[in-house]
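Reminder, nothing fancy here: chain letters follow the sequence lines and each chain counts from 1.
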2 protein chains.
Amino acid sequence: MVTLAEVAQHAGVSASTVSYVLSGKRSISSTTRQRVERSIRELGYHPNAGARALASSKSNIIALMIPLRTDMYVPVMMEIAIAVATTARTHGYDVLLLTGEEGPDAVRRVAGSGLADGMILMDVELDDERLPLLRATDQPSVLIGLPADTAGLTCVDLDFRATGALCVEHLAKQGHHDIAVIGEAPAVYERHTGFAERTLDGLRSRARELGVRLLHRPCEGGYDAMAVTLARILDERPDTSGLVVQNESAVEPLLALLRQQGRAVPEDMSVVAICPDQVATQASVRLTSVAIPAQEMGRRAVEHLVAKLEGRGGDEVVLLAPELTVRASSGPAPSRS
Amino acid sequence: MVTLAEVAQHAGVSASTVSYVLSGKRSISSTTRQRVERSIRELGYHPNAGARALASSKSNIIALMIPLRTDMYVPVMMEIAIAVATTARTHGYDVLLLTGEEGPDAVRRVAGSGLADGMILMDVELDDERLPLLRATDQPSVLIGLPADTAGLTCVDLDFRATGALCVEHLAKQGHHDIAVIGEAPAVYERHTGFAERTLDGLRSRARELGVRLLHRPCEGGYDAMAVTLARILDERPDTSGLVVQNESAVEPLLALLRQQGRAVPEDMSVVAICPDQVATQASVRLTSVAIPAQEMGRRAVEHLVAKLEGRGGDEVVLLAPELTVRASSGPAPSRS
DNA sequence: ATAGGCTGTCGAAGCGCTTCGATTCCCATT
DNA sequence: AATGGGAATCGAAGCGCTTCGACAGCCTAT
């Protein structure tokens with residue numbers, strides 16, 4: 001393994017000079033710089049990460065905590081993770097992958113050991129047990145998701161409240177008066193995941209404002225669960241003409257069931273989904289949807305974290321504005337029978 | 001930040017003693033050990049990762065290279081990644097997430113900088129450009145996937161050849177004589193991803209042995225592409241009574257189309273899928289399938305890598321035996337009209 | 001001509017840990 | 001009583017890098 005000292009010797013300069021060439025923290029004459037750079041190339045030198053971390057107390061690593069459970073939004077999380085990793089690289093950082101398994105201990109471990117310079121937490125719950133620790137350890141961090149109390153925290157998330165409102169608006173504008181919401185699995189609501197509740201909140205308050213009736217039913221993914229849920233909805237509110245779906249794995253079952261029951265989309269039933277674009281465009285009916293901007297969230301999270309690490313910028317809550325794309329699954333409400 | 005020296009002082013011993021308590025590399029009297037452990041707890045000491053890495057030239061980090069493209073098997077990759085991360089933790093390792101973006105350079109960078117002790121590469125292609133580098137830098141590594149030349153490499157993968165064979169066998173046993181394979185997107189074959197070709201190989205050779213006709217058609221995911229592909233298959237081979245699907249995002253469109261065309265599954269058409277169990281059980285027809293053992297692959301990869309890092313075990317190719325689970329989508333072939 | 005200020009370079013002091021002798025102490029052998 | 005050998009502990013020397021202060025050389029302003 002090639003060391004700084006060897007490069008220095010090869011280039012006929014001192015070790016510190018090589019270090020300054022690398023970091024650019026002091027001015028170096030261009031002849032010396034070139035000589036050093038040449039030696040680096042010829043010897044195939046790579047700075048030793050551990051030594052660097054020790055001397056500078058910076059690891060150039062960002063920790064990313066992803067939830068352990070994979071019961072929802074897996075592709076979204078993957079996309080976020082990839083966006084985080086690639087964005088981090090453009091800023092000179094690598095990404096350490098932590099699963100939720102360790103729980104709050106992971107925060108302690110990473111902060112205490114100097115393994116990472118900062119961390120990004122995904123799937124933050126309304127009252128997340130990692131937050132007190134995070135506040136205590138002045139470890140720079142960014143959350144993807146929105147907890148109940150954001151004091152002293154930086155958060156990035158889709159504005160799910162506005163998302164809910166947007167869905168209702170779109171349907172109301174088309175004349176729908178009875179709207180049903182097919183939500184995430186009950187477990188998601190029970191664990192008080194912020195986004196699910198905020199969406200619901202947005203849906204409900206906008207519905208109230210617009211004088212639209214709204215029915216919300218959680219739903220496990222899959223065909224069987226969907227069949228039960230749909231039957232119950234149509235039983236309770238036979239005039240339902242608009243559906244808002246916030247559950248990736250319920251989308252296709254829903255469309256299949258509607259088709260099977262002879263309800264045409266969008267003629268008899270309009271469907272608006274809250275899901276990644278990929279799901280919306282690959283469904284058997286191209287879905288009118290509000291996209292989950294996964295890449296954007298990952299990118300923003302990294303950029304805010306890097307800003308913090310460089311001493312720029314402070315706490316902030318960034319809510320990305322939702323965008324509704326009209327596709328083939330929504331249209332005017334059928335005239336009342 | 002608490003240091004080893006502070007712990008030592010607090011416990012009234014030398015720094016080296018604390019180090020030996022931590023590593024267990026020399027015997028320590030139980031009284032001393034307890035005193036030290038108490039100090040560690042009271043001070044909330046965490047060893048500094050950088051210093052440790054520098055002194056021991058071991059980072060206790062495993063690098064995981066995931067492909068950048070997310071055009072296929074996203075949930076599988078996520079599951080593997082999570083399995084890798086959790087398994088690694090049980091062995092005292094953390095996981096560094098590298099995307100394919102950097103390409104072969106990432107291998108050089110990680111190996112050169114001592115950032116990670118070893119690496120796991122996912123989505124290995126038949127003639128992967130990272131392999132020569134890997135062989136050159138004696139960086140311990142494990143591949144998930146099977147390249148053309150496995151000399152000097154450790155690989156973990158599902159035995160896709162056997163998987164293909166198993167699917168054909170199952171259908172043949174039920175009397176099907178005309179089988180069509182709905183494969184991955186053309187791009188997957190073009191980039192010579194090993195698993196797709198090996199599956200096809202297994203399908204074809206077993207079909208030949210059993211005297212079954214086999215038609216293979218790649219297929220993009222999504223409803224529209226599936227419609228075209230299915231139409232073409234039934235046009236070319238109207239007697240097709242068995243389908244093997246190896247493309248997650250084609251599964252549900254396929255079932256929807258069959259339903260729409262009045263072809264009952266499994267009475268008129270048997271379907272066998274190669275996909276994660278979750279997809280198979282959540283589909284609108286519970287699918288007979290060969291599962292992709294994602295967790296198992298991630299776990300095994302880590303365990304082999306750890307074994308290498310500890311000097312145990314050498315190069316080896318581990319092919320996991322496929323298991324076919326019979327569900328509702330396959331049955332006897334319809335009697336010839 | 002001289003003081004002052006840049007620029008470019010070097011040497012040395014750590015960063016917090018591991019690890020290798022060396023040392024002490026105690027007990028079992030001779 | 002002398003010897004040998006373990007067990008338990010310590011001190012010191014790095015690991016490869018960053019960074020601070022020092023200094024030599026040169027240019028500009030007086």
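- At the phosphate of C:dT19, OP1 or OP2 sits under 4.0 Å from a side-chain N or O atom of B:Lys25.
- Rounded to whole angstrom, the span from the CD1 atom of A:Ile40 across to the P atom of D:dC17 amounts to 10 Å.
- Remark: A:Tyr93 engages no residue in a ring-ring contact (aromatic ring centres under 6.0 Å, His included) (not counting sequence neighbours).
- A donor-acceptor contact under 3.5 angstrom links the side chains of A:Thr17 and A:Ser14, judged on distance only.
- By the 4.0 Å N-to-carboxylate-O rule, B:Glu37 lies too far from B:Arg41 to be salt-bridged with it.
- Looking only at distances, a side-chain donor or acceptor of B:Glu6 sits under 3.5 Å from a matching main-chain atom of B:Thr3.
- With rounding to whole Å, A:Arg35 atom CZ is found 11 Å from C:dT9 atom C1'.
- Applying the 4.0 Å criterion to OP1 and OP2 of D:dA8, one finds that B:Thr32 has every side-chain N and O outside that range.
- In this structure, A:Asn48 atom CG and D:dG16 atom P are separated by 7 Å, rounded to whole Å.
- Under a 4.0 Å N-O distance rule, the pair A:Asp127/A:Arg191 does not qualify as a salt bridge.
- When distances run from any side-chain atom of A:Arg26 to the nucleotides D:dT18, D:dA22, D:dT9, the shortest one goes to D:dA22.
- Residue A:Leu22 contributes atom CG, which lies 7 Å from atom P of D:dT18 at whole-angstrom precision.
- Ion pairing between a basic and an acidic side chain is recognised when a charged N comes within 4.0 Å of a carboxylate O; A:Glu303 and A:Arg300 show no such pairing.
- In summary, B:Lys308 and B:Asp117 do not engage in a salt bridge, as defined by a charged side-chain N under 4.0 Å from a carboxylate O.
- Contacts between residues 6-21 of chain B and DNA chain C, defined by a heavy-atom separation under 4.0 Å, are made by B:Ser16, B:Ser19, B:Tyr20.
- When heavy atoms are screened at a 4.0 angstrom cut-off, B:Ile28 is found touching the sugar-phosphate backbone but no base atom.
- Side-chain atoms of B:Arg35 come within 3.5 Å of backbone N or O of B:Ala11 as a donor-acceptor pair.
- The side chain of A:Ser29 places an N or O atom within less than 4.0 Å of a non-bridging phosphate oxygen (OP1 or OP2) of C:dT9.
- Across the protein-nucleic acid pair, B:Gln34 atom CD and D:dA8 atom P stand 13 Å apart, rounded to whole Å.
- Looking at residues 49-56 of chain B, you'll see B:Leu54, B:Ala55 sit with a heavy atom under 4.0 Å from some atom of DNA chain D.
- A:Thr32 places no side-chain N or O within donor-acceptor distance of the main-chain N or O of A:Ile28, the cut-off being under 3.5 Å.
- Here the C1' atom of nucleotide C:dG16 and the CG atom of A:Leu115 are 14 Å apart, to the nearest Å.
- At whole-Å resolution of the value, CG in A:Leu4 and C1' in C:dA12 are 15 Å apart.
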